[in-house]
Visitor: 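The structure follows.
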Amino acid sequence: MDTQTALSKQTIVLHWIVAIGMIVMLAVGVYMEENKAYELYPLHKSFGVLIVVFVLWRIYWRAKNGWPTPVRQYRPVEIKLSKIVHWLLIIGTILMPISGMMMSGLGGHGIPLFGLELVARNPDPADPSKVIALNETLAQAGKAMHGLGGNILIAAVLLHIAGALKHHMIDKDNTLKRMIGK
Ligand code: HEM
Ligand code: HEM
């Protein structure tokens with residue numbers, strides 16, 4: 001169980017698996033999109049599907065345990081801001097993979113999982129180098145969510161890291177230490 005002085009192993013391990021996974025996925029997503037690095041798409045998709053296991057586990061753990069109690073009393077505005085950012089982060093961690101799967105799966109591009117074909121590509125019989133969407137509207141909605149969601153999540157992560165550093169360096173409290181198990 002999480003307490004005010006120490007976080008459980010499960011909270012710490014899940015936080016860092018999902019945090020590092022999401023940061024790498026955000027960076028790779030932006031890089032591959034900007035540079036048209038199509039060779040990275042299957043890896044991005046595979047890790048994006050894999051991370052869902054940890055994201056769902058983490059959401060279950062949060063729902064069962066509630067949010068960790070702050071290490072000490074803060075100004076109400078700080079508590080509110082950190083709550084908003086934590087919600088954005090946790091919602092972002094589930095909406096990014098879902099929107100990615102909508103865009104790729106329903107867009108007809110297919111979803112690989114490390115060489116396995118989770119959802120098959122749907123080639124256009126007239127020109128097999130192109131694909132036909134299974135549901136164009138939902139695929140486009142997924143694409144829009146993935147792009148906008150990615151930008152919102154990047155902003156939330158930057159705010160979150162700034163908050164963690166403020167606790168550690170300015171407030172000199174235990175917030176960051178507690179999350180690395182000290
Ligand atoms: C786990 C979380 C994920 C994160 C954080 C993430 C993040 C991103 C980001 C930031 C971009 C660049 C978007 C842009 O600049 O418009 C991107 C692109 C992309 N992502 Fe993800 N992604 C995730 C999961 C997935 C999954 C599960 C799939 C598919 C199964 C997927 C498929 C794609 C594709 C195909 C693109 C390129 C879109 C294009 O070329 O228009 N992503 N991702
Ligand atoms: C270098 C990057 C990161 C650092 C230093 C960091 C640090 C921390 C710290 C110190 C806490 C504890 C806050 C408290 O006690 O109230 C925390 C909680 C949290 N972090 Fe991060 N974090 C990072 C990246 C991320 C990323 C990328 C995500 C998600 C996309 C994330 C999601 C969360 C969430 C949802 C919480 C609330 C508690 C929980 O669910 O475990 N963090 N983080």
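We count ligands from 1, going down the list as the structure has it; atoms in each ligand are counted the same way. Positions are given from 1 along the sequence. Just so you know, these numbers come straight off a predicted model, no measurement behind them.
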Visitor: Between H44, M22, M96, flag the one that comes closest to atom 22 (N) of ligand 1 by a heavy atom.
Guide: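 That would be H44.
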Visitor: Tell me the protein heavy atom at minimum distance from atom 13 (C) of ligand 2, and give that distance in Å.
Guide: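 Minimum-distance protein heavy atom for atom 13 (C) of ligand 2 reads T175 CG2, 3.8 Å.
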Visitor: Would you check if I90 and I94 make a side-chain contact, meaning some heavy-atom pair closer than 4.5 Å?
Guide: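 Side chain of I90 against side chain of I94, heavy atoms only: no contact under 4.5 Å found.
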Visitor: Any heavy atom of W16 closer to ligand 2 than 4.0 angstrom?
Guide: yes
Visitor: Suppose I only count heavy atoms of Y41 and a 4.0 Å limit; which atoms of ligand 1 are within that range?
Guide: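 Within the 4.0 Å cut-off of Y41, ligand 1 contributes 35 (C), 37 (C), 39 (C), 40 (O).
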Visitor: Is the shortest heavy-atom distance from the side chain of S99 to the side chain of M103 under 4.5 Å?
Guide: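 No, side chains not in contact.
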Visitor: Check whether any side-chain N or O of K64 sits under 3.5 Å from a backbone N or O of W61 as a donor-acceptor pair, and report yes or no.
Guide: no
Visitor: Side chains of H167 and Y74: donor-acceptor distance under 3.5 Å anywhere?
Guide: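 The criterion, which ignores hydrogens and geometry beyond distance, is satisfied for Y74 and H167.
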Visitor: Determine whether any heavy atom of V18 lies closer than 4.0 Å to an atom of ligand 2.
Guide: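 Outside the 4.0 Å threshold, so no.
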Visitor: For ligand 2, indicate whether the residue L7 contacts it via side chain, backbone, both or neither (heavy-atom separation under 4.0 Å).
Guide: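 Looking at L7 and ligand 2, no heavy atom falls under 4.0 Å.
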Visitor: Consider every N or O of K45 and every N or O of ligand 1, then say whether any pair is closer than 3.5 Å.
Guide: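 No; the residue has no nitrogen or oxygen that sits under 3.5 Å from a nitrogen or oxygen of the ligand.
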Visitor: Among all protein heavy atoms, pick out the one at the shortest distance from atom 32 (C) of ligand 2; state its residue, atom name and that distance to 0.1 Å.
Guide: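 Heavy-atom neighbour on the protein nearest atom 32 (C) of ligand 2: L89 CD1, 3.4 Å.
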Visitor: Considering only heavy atoms, which of E34, M25, H146 lies nearest to atom 43 (N) of ligand 1?
Guide: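 Considering heavy atoms of E34, M25, H146, the nearest to atom 43 (N) of ligand 1 sits in H146.
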Visitor: Show which atoms of ligand 1 fall inside a sub-4.0 Å distance from at least one heavy-atom site of K143.
Guide: 39 (C), 41 (O)
Visitor: Decide if atom OH of Y60 counts as having more than 12 heavy atoms of other residues, nucleotides or ligands within a radius under 6.0 Å.
Guide: no
Visitor: Are any side-chain N or O atoms of N174 and backbone N or O atoms of K177, one a donor and one an acceptor, separated by less than 3.5 Å?
Guide: no
Visitor: Starting from atom 16 (O) of ligand 2, locate the nearest protein heavy atom and write down its residue, its atom name and how far away it is, to 0.1 Å.
Guide: H86 CE1, 3.7 Å
Visitor: Of all the atoms in ligand 1, which lie at a distance below 4.0 Å from a heavy atom belonging to I111?
Guide: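 Listed by number with element, the hits are 30 (C).
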Visitor: Testing the basics here: between I51 and V18, what is the closest heavy-atom pair and its distance to 0.1 Å?
Guide: CD1-O, 4.3 Å
Visitor: Parallel, tilted or perpendicular for H146 and H44, by the 30°/60° rule?
Guide: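 Because their plane-to-plane angle is over 60°, the rings of H146 and H44 count as perpendicular.
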Visitor: Between P97, G149, A144, flag the one that comes closest to atom 2 (C) of ligand 1 by a heavy atom.
Guide: P97
Visitor: Who's the nearest protein heavy-atom neighbour of atom 10 (C) of ligand 1, and how far?
Guide: L26 O, 3.8 Å
Visitor: Report yes or no: do F114 and M101 belong to one cluster of Ile/Leu/Val/Met/Phe/Trp/Tyr joined by side chain heavy-atom distances under 4.5 Å?
Guide: yes
Visitor: Just wondering, do D124 and V131 contact through their side chains at under 4.5 Å, heavy atoms?
Guide: no
Visitor: As an exercise, identify every atom of ligand 2 less than 4.0 angstrom from a heavy atom of W67.
Guide: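 Contacts of ligand 2 toward W67, numbered from 1: 37 (C), 40 (O).
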Visitor: Which residue holds the protein heavy atom closest to atom 26 (C) of ligand 2, what is that atom called, and what is the gap in Å?
Guide: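 The closest one turns out to be A19 CB, 3.6 Å.
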Visitor: Numbering the atoms of ligand 1 from 1, which are under 4.0 Å from a heavy atom of I51?
Guide: 1 (C)
Visitor: Name the closest protein heavy atom to atom 1 (C) of ligand 2, giving the residue it belongs to and the distance to 0.1 Å.
Guide: I161 CD1, 3.9 Å
Visitor: May I ask you to test the D2-T69 pair for a side-chain heavy-atom distance under 4.5 Å?
Guide: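 When only atoms from C-beta onward are counted, T69 and D2 do not touch, as no gap falls below 4.5 Å.
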Visitor: With heavy atoms only and a cut-off of under 4.0 Å, state how T93 meets ligand 2: side chain, backbone, both or neither.
Guide: side chain
Visitor: Taking C-beta and beyond as the side chain, do K182 and L176 meet within less than 4.5 Å on heavy atoms?
Guide: no
Visitor: Checking a contact table here: which protein heavy atom is nearest atom 12 (C) of ligand 2, and how many Å away?
Guide: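 Checked against all protein heavy atoms, atom 12 (C) of ligand 2 sits closest to M179 CE, 3.9 Å.
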Visitor: For atom 23 (C) of ligand 2, what is the closest protein heavy atom, and at what distance to 0.1 Å?
Guide: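 Answer for atom 23 (C) of ligand 2: H160 CD2, 3.5 Å.
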Visitor: Is any side-chain N of the basic residue among E78 and K166 closer than 4.0 Å to the acidic one's carboxylate O?
Guide: yes
Visitor: To check you understand the geometry: which heavy-atom pair defines the closest contact between P112 and S46, and what is its length?
Guide: O-OG, 3.3 Å
Visitor: Note the single closest protein heavy atom to atom 14 (C) of ligand 2, along with its residue, its atom name and the distance in Å.
Guide: R178 NH2, 3.6 Å
Visitor: Heavy-atom contact under 4.0 Å between R58 and ligand 2?
Guide: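 Distance cut 4.0 Å: R58 passes for ligand 2.
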Visitor: Within ligand 1, which atoms have a heavy atom of M32 less than 4.0 Å away?
Guide: 18 (C), 19 (C), 20 (N), 34 (C), 36 (C), 37 (C)
Visitor: Checking a contact table here: which protein heavy atom is nearest atom 38 (C) of ligand 1, and how many Å away?
Guide: E33 OE1, 3.4 Å
Visitor: Below 4.0 angstrom from a heavy atom of G147, which ligand 1 atoms are there? Numbered from 1 as shown, please.
Guide: 16 (O)
Visitor: For ligand 1, is there an N or O atom under 3.5 Å from any N or O atom of S104?
Guide: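 There is no such contact.
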Visitor: Closest approach of L14 and F54, non-hydrogen atoms and distance?
Guide: CD2-O, 4.1 Å
Visitor: Nearest protein heavy-atom contact for atom 34 (C) of ligand 1: which residue, which atom, what distance?
Guide: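 Residue, atom and distance for the closest contact: M103 CE, 3.5 Å.
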Visitor: Considering the heavy atoms of R62, write down every atom of ligand 2 situated less than 4.0 Å from one of them.
Guide: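 It comes down to these atoms of ligand 2: 38 (C), 39 (C), 40 (O), 41 (O).
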Visitor: Determine the minimum heavy-atom distance between P70 and I79, stating which atoms define it.
Guide: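 Minimum heavy-atom separation between P70 and I79: CG-CD1, 4.1 Å.
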